[in-house]
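Worth knowing before you read on, the calculation uses all heavy atoms, side chains too, and leaves out hydrogens, waters and symmetry mates. Sequence lines set the chain letters: A, B, ... in the order given, protein chains first and strands last, and positions in each chain run from 1.
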Amino acid sequence: MIDIRLIRAEPQKFIDAARNKNIKVDIPALLEVDSQILDAQRELQDARTAQNAAGKKIAKLTGDDKATAIAEMAQFKTRAKELGDLIDRLQPKFDELMLLVAQPAAAEVPLGKDDTENVVLRVEGQVPTFDFEPKDHVQLGEALDIIDIPRGVKLAGSRNFILKGAGAMLHQAILRLALDQMTAKGFTLMTVPVLVKESVMYGTGYFPVGRDQAYLAERDQMSLVGTAEVPVTAYHTDEVLSFEDLPRKYVALSTCFRREAGAAGKDTYGLYRIHYFDKVEQVILCRNDEQTSIAHHQEILRNAEDVLRALELPYRVVNVCTGDLGQGQIQKYDIETWMPSRNGYGETHSASRFHEFQARRLNIRYRDESGRMHYVHTLNNTVIASPRVLVPVLELYQNADGSVTIPKALRPYMNGMERIEKRA
RNA sequence: GGAGAGGUGGCUGAGCGGCUGAAAGCGACGGUUUGCUAAACCGUUAUACGGACUAAUCCCCGUAUCUCGGGUUCGAAUCCCGACCUCUCCGCCA
């Protein structure tokens, strides 16, 4: 949510922001409703002032004087009722439009229409070449009997899968490595609900824009989350923290559910784009300060890179352009990991900073040294998401005989296993 | 799922339908005192929005808020109805 006062002051900025982010919102209409509401509120307030003053007099009066005063007050009351009703009619329109206003991107965000215009900032690690014909992760996984997509589809439809044996272990090992790295860095580990109230989805900015990406449990007016960012960020909803409690750093592992609406026919092969997966997510709530926010953004980016470095995977960092930015995000860095089967880099991480956008919707504030209230800033990034990351892990660590070497960092989490081989 | 009880400020806990944005206590903060702590004493202690004035998101004025939404009333934290939530007991259960 954006402060309406900022929109009043610089409407063009928000018109541009919406256009750059490909979000439809009628700012002039918003301002029109806003001014109508504001006028009505001002008049209502005056009517109430008069009504209250009259009411206080009545208590002291008797007889005719009292009757006269009551009659007089009735006028204010009627007017107040009219204005109140007017506001009640206008408010839903205002709220609806406010939920669509986009956060303008930071100055350092490149202008662009979609992900093809993201700007590569850094390339890390060596993209390997094979001296044999490499297989893709599905071929490898099926041959090793660690990935079973057909049965996943049998149970749950397209974009579903089952990991078995060493495949499931590898998945858990990666998640555990990520969790351990994060807790070692002082992030507080949490478990969180993955089925949440719609208000939580609105609060984090996944609703109303993006509502079609979520699975809904409509009978209970709940929604399955697409990321632990949602419940973790909303953890402090309606709370007032102390500046001494900031920054708050959290990490959580959750299953993530995504409908992938509108992605029909896109990335249909393998474990890249699927309806459920597990993800370790990091979330930071910090002071309302641009530089502090930026510093934490770098921090969560590094945290993710540390995991990829431990896994010894080649990746690159991109500065996501305006057209590929979410409604609330002010800036986003994606990490893309090399995936041989795609013959290119594929997105594995997404580090966003939001300024107050989510905090306003969730009403998460803190009191600073001088006692003033501010909304916190929120940030989040993937630590690791699996099985998507199994795509590069399996493909990059494959051997000519079809076995897969287990990355050194994961061996302690796999009872010392060094490679996954076809069972005899 | 069945049966009860209850929802007041950071917490505990008072609140006759007008004088209650709300007693009191605790906590917190500021100050006095102090070798340092502690104690004692004094003071402060909600948020949002609007208005006026501004260097100011400080003061000042106003409106709203005692879970939320309706109703009764000239007037409701206080009466009535509904919703939501919490707690206790029973049943079931990973």
Requested in this report: Return no unless some side-chain N or O of A:N52 is found under 4.0 Å from OP1 or OP2 of B:A64.
Outcome: yes
Query raised in the report: Quantified in whole Å, what is the P atom distance between nucleotide B:C59 and nucleotide B:U44?
Result: 14 Å
Query raised in the report: Is any side-chain N or O of A:R372 closer than 4.0 Å to OP1 or OP2 of B:C58?
Result: no
**Report entry** A:D289 CG to B:U57 C1', straight-line distance once rounded to whole Å
**Finding:** 16 Å
Query - Length of the CD-P vector between A:E369 and B:U57, whole Å - result: 19 Å
Query raised in the report: Nearest to the side chain of A:I70, which nucleotide is it out of B:U63, B:C74, B:C49?
Result: B:C74
Report task. Would you please say whether a donor-acceptor pair under 3.5 Å links the side chains of A:K279 and A:T227? Result -> yes
Report task. Using whole Å, report how far CG of A:L44 lies from P of B:G62. Result -> 16 Å
Query raised in the report: Roughly how many Å is it from CZ in A:R42 to P in B:A64, rounded to a whole number?
Result: 17 Å
Query - Pairing stems for RNA chain B [at least three consecutive pairs; Watson-Crick or G-U; under 3.5 angstrom] - result: B:1-7 with B:84-90, B:10-12 with B:24-26, B:27-32 with B:40-45, B:46-51 with B:60-65, B:67-71 with B:79-83
Query raised in the report: Do A:E198 and A:L216 have side-chain heavy atoms sitting under 4.5 Å apart?
Result: yes
Report task. May I ask you to establish whether A:R388 and A:F277 are in a cation-pi arrangement, using a distance under 6.0 Å from NZ or CZ to the six-membered ring centre and at most 45° from the ring axis? Result -> no
**Report entry** Selected nucleotide, minimal atom distance to A:R5 side chain, candidates B:A64, B:G50, B:U47
**Finding:** B:G50
**Report entry** Nearest-Å distance for atom pair CD/C1', residues A:E43 and B:G62
**Finding:** 15 Å
Query - Min side-chain heavy-atom separation A:Q103-A:L325 under 4.5 Å - result: no
Query - Separation of the C1' atoms in B:A14 and B:C74, to the nearest angstrom - result: 28 Å
Query raised in the report: Whole-Å distance between B:G62 P and A:L83 CG?
Result: 20 Å
Report summary line: Rounded to whole Å, the CG-P distance (A:D238 to B:A46) equals 19 Å
Requested in this report: Have a look at A:R360 and say if it touches a base, only the backbone sugar-phosphate, or nothing, with a 4.0 Å heavy-atom cut-off.
Outcome: nothing
Query raised in the report: Is the distance from OP1 or OP2 of B:G50 to the nearest side-chain N or O of A:R8 less than 4.0 Å?
Result: yes
Requested in this report: Would you indicate, yes or no, if B:U47 has its OP1 or OP2 atom less than 4.0 angstrom from a side-chain nitrogen or oxygen of A:R367?
Outcome: yes
Requested in this report: Quick one: label A:D46 by what it contacts on the DNA or RNA (base, sugar-phosphate, nothing), any heavy atom closer than 4.0 Å.
Outcome: nothing
Query raised in the report: Does B:U73 have OP1 or OP2 sitting under 4.0 Å from an N or O in the side chain of A:K77?
Result: no
Query raised in the report: Which whole number of Å gives the distance between the C1' atom of B:U67 and that of B:U86?
Result: 11 Å
Requested in this report: Would you kindly compare A:M373 and A:I4 by the position of their nearest RNA chain B nucleotide and give the one closer to the 5′ end?
Outcome: A:M373
Query - Contact summary for A:K332 and A:S350, nearest pair of heavy atoms - result: CD-OG, 3.0 Å
Query raised in the report: Any donor-acceptor pair under 3.5 Å linking the side chain of A:R361 with the backbone of A:Y202?
Result: yes
Query raised in the report: Is there a donor and acceptor pair, one atom on the side chain of A:Q45 and one on the base of B:G62, closer than 3.5 Å?
Result: yes
Query raised in the report: Ring centroid separation for A:Y276 and A:F257, is it under 6.0 angstrom?
Result: no
Query - Integer angstrom distance from the P of B:C80 to that of B:C60 - result: 38 Å
Requested in this report: For nucleotides B:C58 and B:G50, find the distance between their P atoms and express it as a whole number of Å.
Outcome: 13 Å
Report task. Sticking with atom P, work out how far B:U8 lies from B:G2, rounded to a whole angstrom. Result -> 26 Å
Query - Separation between the P atoms of B:U20 and B:U63, rounded to whole Å - result: 15 Å
Query - A:Q45 and A:Q41: side chain donor to acceptor below 3.5 Å - result: no
Report task. Hey, which sits more toward the 5' end of RNA chain B by its nearest nucleotide, A:K197 or A:L38? Result -> A:L38
Query raised in the report: Quick one: does A:D278's side chain get under 4.5 Å of A:L253's, heavy atoms only?
Result: yes
Requested in this report: Could you tell me the separation between the NE2 atom of A:H374 and the C1' atom of B:U57, rounded to a whole number of Å?
Outcome: 8 Å
**Report entry** Between B:U88 and B:A28 - P atom distance, rounded Å
**Finding:** 29 Å
